[in-house]
Amino acid sequence: MSMNKQGRPTTPKAATSEARPTYSGNQGLSQAENLIFEIGDTEQTGVDLAEPKNVKSRLGGMDRTEIIGLAGLSEPQTMRHYVRLSQKNYAIDLGVYPLGSCTMKHNPRLNEKVARMPGFGDVHPLQPESTAQGALELIHELAHWICTLTGMPAVAMTPKAGAHGEWCGMAAIRAKLDADGMDHKHRVLVPESAHGTNPATAAQCGFTIDEIPANDKGRVDLEALKSKLGDDVAGIMLTNPNTCGLFETDIIEIADLIHSVGGYFYCDGANFNALVGRVRPGDLGIDAMHLNLHKTFSTPHGGGGPGAGPTVLSDALKDHAPLPFVVKDGDKYRLVEHKDGAGKASFGRMCAFHGQMGMYSRALTYMMSHGSDGLKQATEDAVLNANYIQASLSDVMTPAFGGVCMHEALFDDRFLEDTGVTTLDFAKAMIDEGYHPMTMYFPLVVHGAMLIEPTESESKQELDRFIGSMRSLAERAKSGDAESFQAAPIYAPMRRLDETQAARKPVLRWTPPVDIAEAAE
Ligand SMILES: *Cc1c(COP(=O)(O)O)cnc(C)c1O
């Protein structure tokens, strides 16, 4: 494989040994694409502006005198560059995206239509309140839906991601403990199976982390939890259903135990897609929990748009909610922006403005178009789909724990024992089958974990095709075809990359190749 200076393979390797390498590097209509710096010419720009006449520079002698080395492209070149790159992306709009714990569900187009309505899409965060009443009403209405679905008295709407919501909840707990003179409470219990953001959040908020092991059923070991209780315990951060895809059956007892030592119960609500309309977290003794609107409520993730992590708070914590928040006075909506009046005990401000308007309008559209019965149905279908996958694969792959699962199916790598194929090889082979791999090597409590979350969006036909691919791969692995797994992916534009090298020695900056003539001198 030829490599460029950054150690990246420059040309896609022909898909099969018989395939003829092409002169262009393209394969059929799949276009090879280089970095923008490699195709761009610094002397060129996409616009051709006339020299302004009689205009004096206002830069006070700070005018740029040298070329800064940004790649210049004409408009059609720019267009093709980004369209070609976009075609190398895998997306939920293309196929199954079974990334466990991420709830990669379909983003209904109705959401997009509403989010683009001028009053929502064009609203400016500095607009006077009197001109943004509709937008504030939407935030207020969404907060009402969230409180109803979770059975909680209050919600902080501003956090912009799940991890940000965790921070909000833990900061509210810290503020409450401080207000009550409980500054000796510094220890937070975190189960072994937790998402990495949980211990990171607790540490960010100044707590120390104490890990609780899982039992052989993939749930919190209650005896171990009891042995860790003490006066310095500030709380617990628990995910339910947990990251093994299992309902924490002792959750009410866990809540009681934590409360009995004066601690608070933070629940990571990223897996709420397994509970909506069936279980209200408020009934389980939870004090704070974030929701990922970009998971459970169908707003796009990451590159598709920013996320939102509204965080519900119990009566004990709600006065410490972050600023600003929306309140309704009579028939008018207003933002509480300062630490006085209703905001007096707030722990402060964690966002410049009121949060992600585009996510709010999408999530509320999703909720209202589904209605309470539709939301419950979505949850039930998500759990049914995961169990269909688990049941259809359990004779060729190894489910990590017995029994039914919630909205995601967890397998370990026992079925690959002695095959020479690892979880990573298996995931790479899924790419050749046209699937984004599932979450792998997480949760850490399971060896070689493969966590599959189909969501309710997949039809039975699509699930059957996916199951067929997974079965065929599992059978191929067991028939001693390790070499082809280790070579996978062969059909992807880039083949297997050196991920260790990429993590340890990332090349984050493009450097121009040394000019040949210059180098020769
Ligand atoms: C996704 C996820 C998070 C973090 O949410 P972000 O929006 O990515 O910050 C936290 N916990 C769990 C269990 C998750 O799946």
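Worth knowing before you read on, the calculation uses all heavy atoms, side chains too, and leaves out hydrogens, waters and symmetry mates. Whatever order the structure lists ligands and atoms in, that order sets their numbers, starting from 1. Quantities reported herein were computed from a predicted structural model and do not represent experimental measurements.
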Is the shortest distance from a Lys or Arg side-chain nitrogen in Glu499 or Lys428 to a carboxylate oxygen in the other one below 4.0 Å? yes
Regarding Arg187 and Asp232, does a basic nitrogen lie under 4.0 Å from an acidic carboxylate oxygen? yes
What are the atom names and distances for all N or O pairs under 3.5 Å between ligand 1 and the protein?
unit_1	atom_1	unit_2	atom_2	d
ligand 1	5 (O)	Asn292	ND2	3.0
ligand 1	7 (O)	Gly162	N	2.7
ligand 1	7 (O)	Asn292	ND2	3.1
ligand 1	7 (O)	His294	NE2	2.7
ligand 1	9 (O)	Gly162	N	3.2
ligand 1	9 (O)	Ala163	N	2.8
ligand 1	11 (N)	Asp268	OD1	3.3
ligand 1	11 (N)	Asp268	OD2	2.5
ligand 1	15 (O)	Ser101	O	2.8
ligand 1	15 (O)	Ser101	OG	2.6
ligand 1	15 (O)	Lys295	NZ	2.8

Taking the side chain from Asp412 and the backbone from Gly448, do they hold a donor-acceptor pair closer than 3.5 Å? no
Please tabulate, one pair per line, all N/O donor-acceptor pairs under 3.5 Å involving side-chain atoms of residues 254-262, not counting sequence neighbours.
unit_1	atom_1	unit_2	atom_2	d
His259	ND1	Ala255	O	3.2
His259	NE2	Asp287	OD2	2.7
Ser260	OG	Leu257	O	2.6

Examine Phe415 together with Phe426 and report whether their ring centres are nearer than 6.0 Å.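 Between Phe415 and Phe426, the centre distance is under 6.0 Å.
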Quick one: which of Thr455, Asn107, Asn111 gives a side-chain hydrogen bond (donor to acceptor under 3.5 Å, both in side chains) with Ser298? Asn111
